[in-house]
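What follows is a single structure, written as structure tokens, with notes after it.
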Amino acid sequence: MWSRFQVKALKRVLISEFNTWTKLDTMQKTQQALPRVYVTRRVPPEGLKILRQSGMCNIELWDSDDPVPRQELLKKVSGVDGLLCVLTEKIDAELLNVAGPNLKVVSTMSVGYDHLSRDELKKRGIRVGYTPDVLTDSVAELTVALLLATSRRLIEAVNEAKNGGWGTWRTMWLCGYELSQSTVGILGLGRIGVAIAKRLKPFGVKRFIYTDVAPRPELAAQIQAEYVSLDELAKESDFLAVCCALTPETQGICNSALFNKMKKTSIFINTSRGAVVNQDDLYNALTSGQIAGAGLDVTVPEPLPTDHPLFELKNCVILPHIASATIATRNAMSALAANNLLAGLKGEAMLKELKL
């Protein structure tokens, strides 16, 4: 026979367990009702923190620094409400069909959007967030660093010092090209182009010129840049920095027609998208002496195969797409992508929304 105290104690235990079960059941049902979000990469911690602390979505993450395999991606996006991706994921009709009608928003952690099928997204009424502006400074800094490394032959010099090529002082050995009194050309004048020019001006650059789909007087006024044709840009630039977006119009725009008009002392720099350059034509321009050197942060494909002919050239500096690779910038991109996604799920204005 149980005592009165034992019965009361048992009741308290049962009530406590019932309340715990009820709370867990409620939490489970609430989570099931929350929008489903798939994150296609191990993004920097600030973005994941924002998503998790929001409490307004169920998150599934491809927890790797390597891209999610295509078949895995197609499996995971089925029925999701939101997708946070990076530029390695092709968001096309196939993927959108698999995702289905629940998909309301795609947020890409990139300033470029050539990996997105804009027509397909627009047709389905899916909103798109992206991450411009926050990487302007880091990309501009890297562009200047790449320009200097290429024009002053720094990588070549480092290799000579390491492999025993450093002998007695020689009058013309490893001589490069300086920015002082030069003309710098910018192909595609946006915020990044302006930021590059502002950083180069203290080096004593004499003149900035640019070309774009149309003159951009407000931006140009910040750096006293002159609008010229593409032909003039090629002919007059001592340093030519490519900063344009990849569009059907800019695909392969840097080709033999452009390189053949450039000075033999010109330095060509691309930190935009690899596909704006015809790499075969660039190789020919570099090996024939048509231009003096090239610095690339972007290529086609990425990564560029280690046996690619461009890697064999001393006058070509190739980086593994690191223009935005600072801790502060990547976290800012991640946070902006997360906030864009949450705003899209709530039907609110995004901080940065791509017009489709």
### Query
Are E232 and K261 ion-paired here, with the side-chain N under 4.0 Å from a carboxylate O?
no

### Query
For E178, which residues count as a salt bridge (Lys or Arg N to Asp or Glu O under 4.0 Å) partner, sequence neighbours excluded?
none

### Task
With sequence neighbours left out, write down each residue that passes salt bridge (Lys or Arg N to Asp or Glu O under 4.0 Å) with R70, or none if nothing qualifies.
D92, E94

#### Entry: Pairing of R42 and D65 as salt bridge, 4.0 angstrom limit
yes

### Query
Quick one: hydrophobic cluster around W166, which other residues, with the 4.5 Å side-chain cut-off, linked directly or via members?
W173, L174

### Query
So how far is it from R273 CZ to Q251 CD, rounded to the nearest 0.5 Å?
12.0 Å

### Residues in salt bridge (Lys or Arg N to Asp or Glu O under 4.0 Å) contact with K201, at least two apart in sequence or another chain
none

### Message
A side-chain contact here means heavy atoms from C-beta on lying under 4.5 Å apart; do N159 and R153 qualify?
### Response
no

### Message
Less than 3.5 Å apart, any donor N or O on the side chain of E141 or S138 sitting next to an acceptor on the other?
### Response
no

### Query
Which distance, rounded to the nearest 0.5 Å, do you find between the CG of L240 and the NZ of K235?
14.0 Å

### Message
F208: which residues meet the ring-ring contact (aromatic ring centres under 6.0 Å, His included) condition with it, sequence neighbours left out?
### Response
none

### Query
Is it true that Y177 and F239 have ring centroids separated by less than 6.0 Å?
no

### Query
Rounded to the nearest 0.5 Å, how far apart are OG of S64 and CZ of R41?
7.0 Å

### Query
Should side-chain heavy atoms under 4.5 Å link Ile, Leu, Val, Met, Phe, Trp and Tyr, which residues sit in the same cluster as I327?
none

## Note on the structure
Sorted by chain and number, sequence neighbours left out, ring-ring contact (aromatic ring centres under 6.0 Å, His included) with Y227 holds for Y210

### Task
State, yes or no, whether a side-chain contact exists between I91 and C85 at a heavy-atom distance under 4.5 Å.
yes

### Message
Determine whether a donor-acceptor pair (N or O, by modelled atom type, separation under 3.5 Å) exists between the side chain of E120 and the backbone of S117.
### Response
no

### Query
Which ring-ring contact (aromatic ring centres under 6.0 Å, His included) pairs, counting each pair once, include a residue from residues 331-356, with sequence neighbours left out?
none

Can I get a per-line list of side-chain donor-acceptor pairs under 3.5 Å for residues 142-152, giving both atom names and the distance, sequence neighbours left out?
residue	atom	partner	partner atom	Å
T143	OG1	V139	O	2.7
T143	OG1	T271	OG1	3.0
T150	OG1	L146	O	2.8
S151	OG	L147	O	2.9

### Non-neighbouring partners of R199 that pass salt bridge (Lys or Arg N to Asp or Glu O under 4.0 Å), sequence neighbours left out
D137

### Query
Checking side-chain contact (heavy atoms from CB on, under 4.5 Å) against T250, which of V276, V213, V242 comes through?
V276

### Task
Would you mind listing every side-chain hydrogen bond (donor to acceptor under 3.5 Å, both in side chains) that reaches into residues 346-355, with sequence neighbours excluded?
R127-E353, D133-K352

### Query
How would you list, by chain and number, every residue that makes a ring-ring contact (aromatic ring centres under 6.0 Å, His included) with Y38, sequence neighbours excluded?
none

### Task
Decide yes or no for D238 and V205: does some side-chain heavy atom of the first lie under 4.5 Å from some side-chain heavy atom of the second?
no

### Message
Can you confirm whether L103 sits close enough to D81 that some side-chain heavy atom of one is under 4.5 Å from a side-chain heavy atom of the other?
### Response
no

